[in-house]
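Letters go in sequence order (proteins before strands), and every chain restarts at 1.
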2 protein chains.
Amino acid sequence: MELSERKKKILQCVVDDYIETAVPVSSKSLTERHLPNISSATVRNELSALEELGYLTQLHTSSGRVPSAEAYKLYVSDLMIKDKLSEKEIDYIKKIFLEKADNLEEVIKNTTKVISELTSYTSVGVATPDVDEKINIIKFFRYKIDTALVLIVTERRLLKDNYISVPEGMTDEQLSEAESVLSRLLSGKSFEEVCNIKDDINDEFSGYKNIFLNVVEALKVYMTVKESDVVMEGQDKILDNPEYADISKIKNFLSVVTKKDKVMTLLAGDGRDIKINVKIGTDGYEEIPKDCSLVTATYSANGTKIGTYGVIGPIRMDYQKVVAVLENVGKILESILTNR
Amino acid sequence: MELSERKKKILQCVVDDYIETAVPVSSKSLTERHLPNISSATVRNELSALEELGYLTQLHTSSGRVPSAEAYKLYVSDLMIKDKLSEKEIDYIKKIFLEKADNLEEVIKNTTKVISELTSYTSVGVATPDVDEKINIIKFFRYKIDTALVLIVTERRLLKDNYISVPEGMTDEQLSEAESVLSRLLSGKSFEEVCNIKDDINDEFSGYKNIFLNVVEALKVYMTVKESDVVMEGQDKILDNPEYADISKIKNFLSVVTKKDKVMTLLAGDGRDIKINVKIGTDGYEEIPKDCSLVTATYSANGTKIGTYGVIGPIRMDYQKVVAVLENVGKILESILTNR
DNA sequence: GTTAGCACTCAAAACGATTGACTGCTAATT
DNA sequence: AATTAGCAGTCAATCGTTTTGAGTGCTAAC
């Protein structure tokens with residue numbers, strides 16, 4: 001059922017005020033601050049109707065009203081007036097990204113830093129591995145008798161965090177032979193394609209099957225989300241919100257937001273094509289603390305998803321600001337990464 | 001001035017009890033729990049003498065006594081009965097370290113994890129770069145027209161996080177020539193020695209001076225403590241302590257302990273040869289939150305310092321446990337790293 | 001040097017009364 | 001039929017008072 005325009009307007013004002021003040025909002029304050037042309041009694045009637053519909057709740061009979069999870073969702077999707085960032089804020093984002101854009105990890109870290117600074121909430125993010133990333137060069141560097149470092153150059157970056165074990169008795173010549181065979185076989189292929197290569201594809205390569213399998217293992221590690229792909233910033237920001245005056249709430253919040261594995265599950269499985277995503281803890285998401293809201297944006301460059309970043313904070317969150325920041329950061333980040 | 005045996009005993013009991021209960025300790029509870037042979041009035045006299053000496057304080061006339069920073073220092077150095085870890089706990093430490101000991105970064109991360117788990121406090125640590133580390137092999141891998149990855153194999157590890165920019169027009173042959181010249185020049189030398197090499201040391205090398213200077217820059221980065229050398233665990237553990245019921249205290253604590261740069265200054269400049277080090281916030285250490293105590297241990301292997309690890313928590317901290325854990329972790333860690 | 005005993009102190013808990021910001025409802029008004 | 005004024009009723013929050021009891025310090029006796 002569609003709400004009347006007036007109900008929408010009133011609901012929007014309630015959410016606005018509650019986000020601003022953290023205090024249950026009363027009919028009187030609504031008429032005084034936003035609706036000078038109707039009486040508080042009328043507003044009371046509307047409020048009680050909105051309560052009936054599940055958008056508002058009351059702590060007790062004589063208290064003001066507080067928005068429900070339903071109301072916040074409607075607010076973000078329909079009611080909220082979109083915020084614009086100031087020149088200064090946009091310049092700040094640009095500055096941060098441009099001063100250190102060489103290293104992808106730095107960029108990721110900076111993304112959460114900027115988001116947390118500008119929103120004043122805890123920010124979380126995860127860089128999504130790109131299974132379509134294509135291999136250009138593959139190189140082995142033996143540095144111990146039985147271990148070699150695998151260097152993989154792709155279109156976008158240099159992967160250098162995996163090791164393979166070298167079979168006993170393999171000479172340096174054989175290893176560099178393996179290198180050139182594999183290079184020829186794999187270059188131009190995406191990670192996913194490499195992982196799907198069937199055994200019996202190529203005669204000349206058959207001698208290096210073990211090495212090949214090791215490399216596939218290494219690629220698989222790159223293709224999965226790992227704790228090292230997760231970043232978090234500003235965990236202490238939650239304490240600035242008056243509803244977090246309760247130690248047990250803080251503890252609950254921190255026990256999620258200081259642990260990379262938990263943040264990883266928090267951000268896992270976010271829809272691919274949805275840009276801004278709002279999840280509210282009371283709404284049945286197991287991983288999100290009950291009194292929290294998680295707002296995320298999924299960023300892409302050159303048509304592939306590069307990561308999910310967002311903000312976790314009280315349900316009563318400044319969604320206008322958060323959405324504006326996430327969108328602007330996304331725009332700038334995507335433009336930087338697309339230009340490569 | 002030396003305390004009488006009885007004063008020492010009483011002070012020890014006060015600290016023990018206060019650490020256990022977090023409640024100011026009274027003369028009555030002391031006689032009941034620990035000193036059945038003297039009357040509470042006698043204890044009261046002794047307590048008031050200890051207060052005179054600066055070891056105890058009272059919140060108000062009719063409250064029990066609380067240890068001062070002075071008292072804790074004496075407690076740790078003199079009064080405390082050293083704790084032993086249980087078999088189970090020692091096995092736990094061994095298990096953690098043995099299951100993933102291949103990668104130095106993992107080991108470092110595990111060190112703080114174990115310390116935090118076993119003590120139930122926030123743990124912090126920093127891996128100290130070793131300026132005496134000796135270079136075995138140096139290798140360049142050009143992966144962009146103007147950039148090469150520098151791989152440096154030392155006695156202990158493979159460094160692979162630095163890039164040098166390659167002069168325009170330099171061919172692959174010239175780069176590999178530079179590689180072998182530098183390899184000959186640098187292998188067997190320590191980082192520090194390399195940084196002190198004077199310009200005019202070698203004719204054959206003079207053509208690659210720029211590359212050499214780039215490599216020195218890279219080594220200097222390895223030789224300084226960086227944020228990536230800092231690890232932290234269990235930042236939420238502080239909330240289990242009843243004296244942290246106050247949001248502003250929590251905020252203060254978290255604002256230090258969620259930021260790598262701050263933890264870095266916290267751990268900076270710890271004496272080289274001191275094993276266990278106790279610093280109490282009220283004692284004039286700028287970086288430590290006023291109501292906190294920082295207990296650190298400095299670990300070495302093969303005669304060189306490998307890092308400083310410890311625990312940060314309330315002044316009223318279980319020093320017996322903490323010291324025991326730090327010592328045991330140290331023993332096991334040092335034995336693992338020395339065996340390399 | 002110890003100790004029993006008592007007066008005194010003071011934070012914390014318990015209690016009760018008051019306040020005031022709300023709502024819901026009813027009856028009058030538009 | 002929708003709006004509104006007016007009033008009774010609700011309830012958390014605040015404030016002041018009292019009570020309680022754990023604790024000390026001091027004195028006089030042992």
For [X], side chain to side chain contact (heavy atoms under 4.5 Å, CB included) partners two or more places apart:
| X | value |
| --- | --- |
| A49(B) | K7(B) |
| D261(B) | E227(B), K259(B) |
| D83(B) | Q320(B), K321(B), A324(B) |
| V43(A) | S27(A), L30(A), T31(A), L35(A), I38(A), L47(A) |

[X] has an atom [atom1]; how far is it from atom [atom2] of [N], in whole Å?
| X | N | atom1 | atom2 | value |
| --- | --- | --- | --- | --- |
| L47(B) | dT3(C) | CG | C1' | 15 Å |
| D17(A) | dA21(C) | CG | C1' | 16 Å |
| K7(A) | dA2(D) | NZ | P | 10 Å |
| K28(B) | dC6(C) | NZ | C1' | 16 Å |
| E46(A) | dT23(C) | CD | C1' | 16 Å |
| Q58(B) | dC8(C) | CD | C1' | 14 Å |
| R6(A) | dT4(D) | CZ | C1' | 12 Å |
| R65(A) | dA21(C) | CZ | C1' | 14 Å |

Checklist line | K260(A) atom NZ: more than 12 heavy-atom contacts under 6.0 Å | finding: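 Check passes, neighbour count above 12.
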Next item on the list: Check the surroundings of atom NZ in K84(B): do more than 12 heavy atoms from other residues, nucleotides or ligands lie under 6.0 Å from it?
Entry: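 For K84(B), atom NZ is not crowded (no more than 12 foreign heavy atoms under 6.0 Å).
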Between protein and nucleic acid, restricted to nucleotides 10-15 of chain C and to nitrogen or oxygen atoms under 3.5 Å apart, what atom pairs and distances do you find?
residue: dC10(C); atom: OP1; partner: T61(B); partner atom: OG1; Å: 3.4
residue: dC10(C); atom: O4'; partner: S62(B); partner atom: OG; Å: 3.2

Notebook entry, point to check: Of all of residues 32-45 of chain A, which get a heavy atom below 4.0 angstrom from DNA chain D, listed by number?
Noted result: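 The answer is N37(A), I38(A), S39(A), A41(A), T42(A), R44(A), N45(A).
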Notebook entry, point to check: For the residue pair F253(A) and Y244(A), does the interplanar ring angle fall in the parallel (under 30°), tilted (30 to 60°) or perpendicular (over 60°) class?
Noted result: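 It falls in the perpendicular class, over 60°.
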Notebook entry, point to check: With a 4.0 Å cut-off, would you call K275(B) and E327(B) a salt bridge?
Noted result: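 Looking at K275(B) and E327(B), the cut-off is not met.
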Check: Between Y285(A) and D283(A), does a side-chain contact (heavy atoms from CB on, under 4.5 Å) hold up when you go through it step by step?
Finding: CA-CA 6 Å; Y285(A) 298 101; D283(A) 234 40; 4.1 Å; yes
